[in-house]
Amino acid sequence: MARPRPPRPGRPGHHPRHPRHPVFEGVDPAELLYRTGVPGTPTGEELTRVGVAGFYGRGYQTHLPEGATVLNGIGPHVLPVDVVHPLGRGQVMVHAGNDLLSFCDPDRSTRHLGPRLLAWLEGTL
């Protein structure tokens, strides 16, 4: 028998940050979690008020490999959506959602996500 983990405080779609990773350095988690169709580029509290959650994480990791580190989680149970784990002489980053590069917005903190991800993949970050 399993007992569910108690929910953590926050909005139902909250996106808490786990251990820091250079790819996500400086990125506001709300700017990944919430999307809008309103004109302009709402940020901060305005974004969480008018934004719709659910685009960043389209699922979650259910079986984490040995040595895995959860980078980002979604929902009240903080389900793992971004995970890094060792493989051979390197590491693998797994994202359970849409293409990470689609979240790069030049007017938000996510503007550096794409270049940082590519640099990490190249081993220069």
Side-chain angles (χ1 to χ4, degrees):
M1 175 186 276
R3 187 174 106 181
R5 194 163 128 187
R8 293 191 182 173
R11 282 185 61 173
H14 77 290
H15 186 268
R17 181 63 46 80
H18 288 281
R20 292 228 181 266
H21 190 276
V23 168
F24 296 99
E25 191 67 37
V27 173
D28 179 353
E31 293 179 3
L32 292 172
L33 180 63
Y34 298 106
R35 300 312 238 176
T36 74
V38 299
T41 309
T43 58
E45 288 185 28
E46 175 72 4
L47 178 61
T48 59
R49 188 180 67 74
V50 300
V52 176
F55 296 94
Y56 183 73
R58 305 303 288 178
Y60 60 92
Q61 316 292 326
T62 58
H63 302 290
L64 300 179
E66 187 174 328
T69 300
V70 177
L71 302 175
N72 294 306
I74 58 171
H77 296 286
V78 195
L79 302 171
V81 69
D82 293 315
V83 175
V84 172
H85 67 86
L87 183 66
R89 295 187 334 221
Q91 290 185 322
V92 173
M93 179 183 290
V94 180
H95 170 69
N98 295 326
D99 182 353
L100 280 175
L101 297 179
S102 70
F103 290 92
C104 302
D105 186 326
D107 296 323
R108 293 200 166 128
S109 67
T110 57
R111 67 187 160 278
H112 300 298
L113 181 63
R116 294 182 74 77
L117 175 61
L118 296 175
W120 183 79
L121 289 169
E122 294 168 349
T124 60
L125 181 63

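Computed from a predicted structure; not experimentally measured. Excluded from the calculations below are hydrogen atoms, water molecules and symmetry mates; all remaining heavy atoms, backbone and side chain alike, are included.
Proximity of a side-chain donor or acceptor of H112 to a complementary backbone N or O of P115 within less than 3.5 Å is not detected. Looking only at distances, no side-chain donor or acceptor of H77 sits under 3.5 Å from a matching main-chain atom of L79.
If you chain together hydrophobic residues whose side chains sit under 4.5 Å apart, L101 and V27 fall into the same group. Residues V84 and L118 share a hydrophobic cluster, clusters being chains of Ile/Leu/Val/Met/Phe/Trp/Tyr side chains in contact below 4.5 Å. V94 and Y60 fall into different hydrophobic clusters, defined by Ile, Leu, Val, Met, Phe, Trp and Tyr side-chain heavy atoms under 4.5 Å apart, directly or through other members. Hydrophobic clustering (ILVMFWY, side-chain heavy atoms < 4.5 Å, transitive): L121 and V92 are in distinct clusters.
Applying the side chain to side chain contact (heavy atoms under 4.5 Å, CB included) criterion to P22, with sequence neighbours excluded, gives R116, W120, L125. Taking L64 as the reference, Q61, A68, V70, P80, V83 meet the side chain to side chain contact (heavy atoms under 4.5 Å, CB included) condition, with sequence neighbours excluded.
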Inset, instruction - Take L117 and M93, measure what side-chain contact (heavy atoms from CB on, under 4.5 Å) needs, and give me the verdict at the end. - result: CA-CA 10 Å; L117 175 61; M93 179 183 290; 4.2 Å; yes
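Once rounded to the nearest 0.5 Å, the distance linking OH of Y56 with CG of N72 reads 5.0 Å. Note that CG of L32 and CG of N98 are 11.5 Å apart. Values are rounded to the nearest 0.5 Å. Here L33 contributes atom CG and I74 contributes atom CD1; the two are 8.5 Å apart, rounded to the nearest 0.5 Å. In this structure, the separation between CD on Q91 and OG1 on T69 is 7.5 Å, given to the nearest 0.5 Å. A distance of 8.5 Å separates CZ in R35 from CG in L47, rounded to the nearest 0.5 Å. How far NE2 of H21 is from CG of L71: 5.5 Å, rounded to the nearest 0.5 Å.
When side chains are defined from C-beta on, D82 does not count as touching V23, because their heavy atoms never get closer than 4.5 Å.
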Extract all donor-acceptor atom pairs below 3.5 Å that involve side chains of residues 103-110 and protein atoms in other chains or at least two apart in sequence.
from: D105; atom 1: OD1; to: D107; atom 2: N; distance (Å): 2.9
from: R108; atom 1: NE; to: P42; atom 2: O; distance (Å): 3.4
from: R108; atom 1: NH2; to: P42; atom 2: O; distance (Å): 2.9
from: S109; atom 1: OG; to: D28; atom 2: N; distance (Å): 2.8
from: S109; atom 1: OG; to: E31; atom 2: OE1; distance (Å): 2.6
from: T110; atom 1: OG1; to: F103; atom 2: O; distance (Å): 2.9
from: T110; atom 1: OG1; to: D105; atom 2: N; distance (Å): 3.2

